[in-house]
Amino acid sequence: MRLIITEKDNAARRIAEILSEGSASAQRRNGVNVYRWGDTRVVGLSGHVVGVDFPAEYSDWRDVEPVELIDADVTKEPTQENIVTTLQQLAEKADEATIATDYDREGELIGKEAYELIREVTDAPVDRVRFSSITEREVREAFANPDDIDFDLAAAGEARQIIDLVWGAALTRFLSLSARQLGDDFISVGRVQSPTLKLIVDREREIQAFDPEDYWEIFADLQKNGSGFEAQYFYDDDGKEAERVWDEGDAEAAYADLRSVDAATVTSVRRRTRTDSPPTPFNTTAFISAAGSLGYSAQRAMSIAEELYTAGYMTYPRTDNTVYPEDLDEEELLDEFVGAGSFGEDAESLLEQDEITATEGDEETTDHPPIHPTGEIPPKVDLSDDEWEIYELVVRRFFATVAEAATWEHLRVVAEAGGRSLKANGKRLVEAGYHEVYPYSSASENHVPDVEEGEELSITEVRMEDKQTQPPRRYGQSRLIQTMEDRGLGTKSTRHNSIEKLYDRGYIEGDPPRPTTLAMAVVEAAEEFADHVVSDEMTAQLEADMTAIANGEETLDTVADESREMLKRVFDELRDSREEIGEHLQESLKADKTVGPCPECGEDMLIRRSRQGSYFVGCDGFPDCRNTLPLPSTGEPLVLDDHCEDHDMHHVKMLAGRDTFVHGCPRCEAEKADASEDEVIGPCPECGDGVAPEEQRGEGGEAAEAHGGELAIKHLRSGSRLVGCTRYPDCDYSLPLPRNGDIEVTDEVCEEHDLPELVVDPDSDDPWELGCPICNFEEYQARTAVEDLEDLNGIGSATAEKLEDAGVDSLDALRDVDPDVIATEVQGVSATQVREWQGELEA
DNA sequence: GCAAGGTC
């Protein structure tokens with residue numbers, strides 16, 4: 001038997017399809033797909049199926065000095081038991097095995113890991129094939145010319161694994177122990193995350209140190225034959241053209257000169273034609289950046305791309321390559337889009353070009369082809385709006401790369417007025433070229449009319465604007481990823497995760513991300529004692545070492561040992577400063593949690609977490625001072641810069657995904673609740689007068705009794721509002737109310753529930769007729785069920801609705817459903833997909 | 001409970 005091993009299931013399936021000419025069939029073995037035909041089996045791994053770690057005796061953070069990790073053994077253990085088992089069971093029966101993992105360094109290492117697992121059970125020969133895109137020609141050629149595993153290249157990858165683990169674990173434990181942060185909130189450090197964090201921190205330092213400068217700009221509206229355009233005053237500053245006037249007196253003088261005349265004379269006209277080349281094919285970074293300008297976070301863009309890839313609509317989204325492979329026939333791919341809805345016309349017009357030549361980027365790699373559509377086109381209804389928007393972006397980017405260049409005509413006009421110079425730069429799109437098919441890059445024109453030298457133009461208005469220089473801008477996520485790539489930090493597959501990790505660790509918040517006080521302290525500590533790990537030099541050095549190992553000039557052991565020695569020197573420095581570092585980190589952690597002064601004792605009030613896991617604001621003087629303020633029950637609190645002047649307290653924001661909201665000053669909220677009276681609106685359906693137990697209660701419900709309970713609109717000290725029973729806590733019946741807006745109780749009464757209809761913000765432009773609170777709550781529950789489904793990865797809104805029609809109207813229903821039944825009942829949903837959702841639900 | 005790199 002011949003065994004073929006790929007890096008992922010998707011690749012296994014497609015390679016089996018190609019090599020078997022379509023005759024391969026799939027079988028599950030230990031929950032892993034195995035593709036078979038004749039005497040061949042193909043199995044896909046899931047990236048690394050073994051991982052590096054320290055032996056068990058090092059696992060307790062308190063029992064081990066972090067420095068001891070430097071010389072600890074590093075072992076490899078299976079992390080994906082099912083896949084390892086399946087691989088070894090198949091290997092036992094194999095006469096030969098072929099490693100067909102991805103064609104890059106990490107793929108070589110993953111291949112070597114598979115090789116070692118195979119060697120544990122058999123001596124059968126193992127060879128290696130390499131191809132950069134899974135096309136018929138490349139795959140056949142690769143399998144016709146098998147090679148051997150490049151153990152040096154794999155060793156280069158292992159050096160990275162060991163060095164990252166040892167540095168990351170030792171320093172992470174050191175900082176966490178020094179600040180006594182051992183729970184979920186440990187303080188992490190790493191070769192990629194720390195330099196990335198430093199980028200953000202450095203930018204924040206620039207912003208904080210920024211001293212704005214005043215300047216003035218002067219604009220004049222010029223007119224020719226009724227057609228107006230704007231020109232800007234400029235002057236000669238040491239041979240350079242300058243628009244900003246730094247002296248107010250100078251600005252006033254220029255402004256006065258320009259206002260003293262009513263015409264300007266054109267002194268120069270320059271026309272230039274500029275070619276605007278179409279964009280290059282998408283690699284991961286360029287894709288994330290383009291999706292970013294459509295408003296998608298890096299994480300979200302990648303997650304949608306993965307779904308579209310898995311569904312077969314686009315190629316693998318993790319690639320560095322910006323050059324289409326020779327195999328890709330652009331014309332054939334365009335043909336697939338002819339007649340395909342909104343893409344059809346554009347595809348046809350592209351096919352009419354004399355020649356179809358794709359652009360090429362600078363990066364040409366062997367890992368995967370650039371991201372492009374596969375030519376299998378999804379029906380629009382099968383995708384959610386977001387999925388479709390991303391799909392369209394990928395299709396149109398491909399279109400753009402085979403489209404013609406655009407041409408612009410630039411028109412520069414200089415005029416003199418009152419002894420001052422004015423200029424205007426016009427821009428006109430002459431040939432739209434790729435802009436016709438790619439609306440994402442700006443094609444905006446700036447109209448400046450045709451004028452000639454010596455011509456007189458009337459001045460209709462002169463404006464002077466006072467401005468200030470602005471601090472540098474914070475990195476947005478896609479700019480950050482671009483900068484990481486430029487500096488060699490992380491990989492196409494990990495950069496977006498690294499940024500996510502910084503959020504999770506409490507190092508950054510908001511979008512664009514801003515560093516917390518803790519992040520500032522971590523970077524400061526690292527800069528002082530372990531500058532290597534917080535600079536991109538560590539990666540640069542590692543890259544150089546890995547290249548040397550791959551070329552056989554260095555060995556894994558010497559490189560790893562040198563790195564260990566270097567880390568020991570870091571720890572020599574750290575040893576004496578442990579307490580000082582710990583205190584600084586703790587102060588910073590406290591600063592991030594400080595809301596304001598306690599009105600009872602003057603100590604700080606901090607965000608704390610109760611034993612039940614809920615957040616509240618508590619006095620740092622505890623237990624001497626037991627003053628607390630409640631917080632809303634949804635989300636994680638974040639202390640904002642905004643300030644309440646009455647109480648000297650920071651506002652608090654509750655982070656809860658799409659339900660994120662600003663709670664405001666916790667004292668204001670509590671006082672508002674204390675000052676408000678409960679407003680009774682009707683009988684409680686559980687314990688009010690007139691309760692009819694047998695009819696109102698379903699079977700199994702506790703027997704309800706009439707106790708005279710009434711429902712009232714209540715304001716809680718945590719800021720939330722609800723309709724609840726006046727007998728609380730004896731009766732805990734409650735209905736939710738919106739957090740914001742005035743609530744009016746109307747005279748209209750719901751007949752079914754005997755409760756008045758409510759209106760939110762009755763005096764606003766857009767009042768919300770909430771209606772009977774019970775009816776409203778029932779509708780709300782039905783609605784969130786669909787939204788819950790949509791939140792599950794891979795369920796678009798169309799699919800969620802179809803599932804609901806089939807009776808799967810909640811996550812619980814989805815959990816209990818038979819995948820095979822749903823697959824037959826709901827079009828476009830496979831049993832495998834349902835199993836994946838169920839797995840996700842379990843997780 | 002550490003990292004970064006694969007993968008879902």
Side-chain angles (χ1 to χ4, degrees), chain A residues 6-12 31-33 44-54 58-64 66 68-70 72 74 76 79-80 82-83 101-102 104-114 154 156-177 181-196 302-307 309-311 316-318 367-368 484 488-498 500-502 504-505 533 538-539 542 546 563 567 792-794 832-833 835-837 839-840 843:
Chain A
T6 68
E7 189 153 323
K8 43 192 168 276
D9 176 59
N10 234 309
V32 180
N33 285 331
L45 307 176
S46 182
H48 292 286
V49 293
V50 294
V52 287
D53 206 348
F54 299 110
Y58 292 90
S59 55
D60 192 322
W61 292 30
R62 276 158 302 202
D63 285 356
V64 180
E68 292 179 58
L69 293 176
I70 301 177
V74 173
K76 273 197 181 191
T79 50
Q80 306 262 17
N82 284 352
I83 298 177
T101 47
D102 291 355
D104 55 18
R105 185 177 59 220
E106 216 59 28
E108 209 65 26
L109 176 53
I110 291 166
K112 188 218 163 192
E113 288 162 358
E158 288 183 293
R160 180 199 57 69
Q161 286 186 315
I162 293 167
I163 290 168
D164 281 343
L165 175 66
V166 172
W167 279 74
L171 288 172
T172 294
R173 286 195 192 183
F174 180 87
L175 290 189
S176 302
L177 283 164
Q181 290 286 307
L182 291 184
D184 295 336
D185 298 325
F186 59 87
I187 297 172
S188 66
V189 178
R191 173 179 59 83
V192 173
Q193 60 169 280
S194 298
T196 305
M302 284 310 286
S303 135
I304 294 176
E306 275 154 26
E307 279 163 30
Y309 155 71
T310 313
Y316 194 61
R318 296 190 270 264
D367 56 353
H368 292 281
M484 290 172 76
L489 299 172
T491 73
K492 65 214 175 192
S493 314
T494 58
R495 288 184 197 111
H496 59 281
N497 292 334
S498 300
E500 234 17 63
K501 183 176 275 179
L502 296 179
D504 289 348
R505 295 279 191 273
V533 80
M538 180 161 176
T539 292
L542 183 59
M546 284 196 289
S563 186
L567 183 56
L792 255 194
N793 244 346
T832 318
Q833 209 167 19
R835 279 188 205 98
E836 272 169 28
W837 292 332
E840 211 173 315

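To find a chain, count down the sequence lines: A is the first, B the second, and so on, and within it residues start at 1.
If you measure from atom CG of Asn497(A) to atom P of dT7(B), you get 11 Å, rounded to the nearest angstrom. Protein atom CE of Met302(A) is 14 Å distant from nucleotide atom P of dG5(B), rounded to whole Å. Atom P of nucleotide dT7(B) and atom CG of Asp367(A) are separated by 10 Å, given to the nearest angstrom. Atom CD in Glu7(A) sits roughly 5 Å away from atom P in dT7(B) (whole-Å rounding). Look at CG on Leu165(A): it is 13 Å from P on dG5(B), rounded to the nearest Å. Glu108(A) places its CD atom 14 Å from the P atom of dG6(B), with the value rounded to the nearest Å. Note: CG (Leu109(A)) to P (dA3(B)) measures 19 Å, nearest angstrom.
Considering only side-chain atoms of Trp61(A), the nucleotide from dG6(B), dA4(B), dC2(B) that sits closest is dC2(B).
Taking side-chain N and O atoms only, Gln161(A) has no distance below 4.0 Å to OP1 or OP2 of dA3(B). Contact between the side-chain N/O atoms of Arg318(A) and the OP1/OP2 oxygens of dG6(B) is not found at any separation under 4.0 Å. A close approach under 4.0 Å does occur between a side-chain nitrogen or oxygen of Arg191(A) and OP1 or OP2 of dG5(B). Side-chain nitrogen and oxygen atoms of Gln80(A) include none within less than 4.0 Å of the OP1 or OP2 phosphate oxygen of dT7(B). Dashed line: the shortest gap from a side-chain N or O of Ser493(A) to OP1 or OP2 of dG6(B) is under 4.0 Å.
Between the side chain of Ser188(A) and the base of dC2(B) there is no donor-acceptor pair of N/O atoms closer than 3.5 Å. Judged by atom type and distance alone, Asp53(A) reaches the base of dC2(B) through a side-chain donor-acceptor pair under 3.5 Å.
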Do Arg318(A) and Thr491(A) pass the side chain to side chain contact (heavy atoms under 4.5 Å, CB included) test, and can you show the C-alpha distance, the side-chain angles, and the key distance before you say yes or no? CA-CA 9 Å; Arg318(A) 296 190 270 264; Thr491(A) 73; over 6 Å; no

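Counting any heavy atom pair closer than 4.0 Å across all strands shown, Arg62(A) reaches a base atom.
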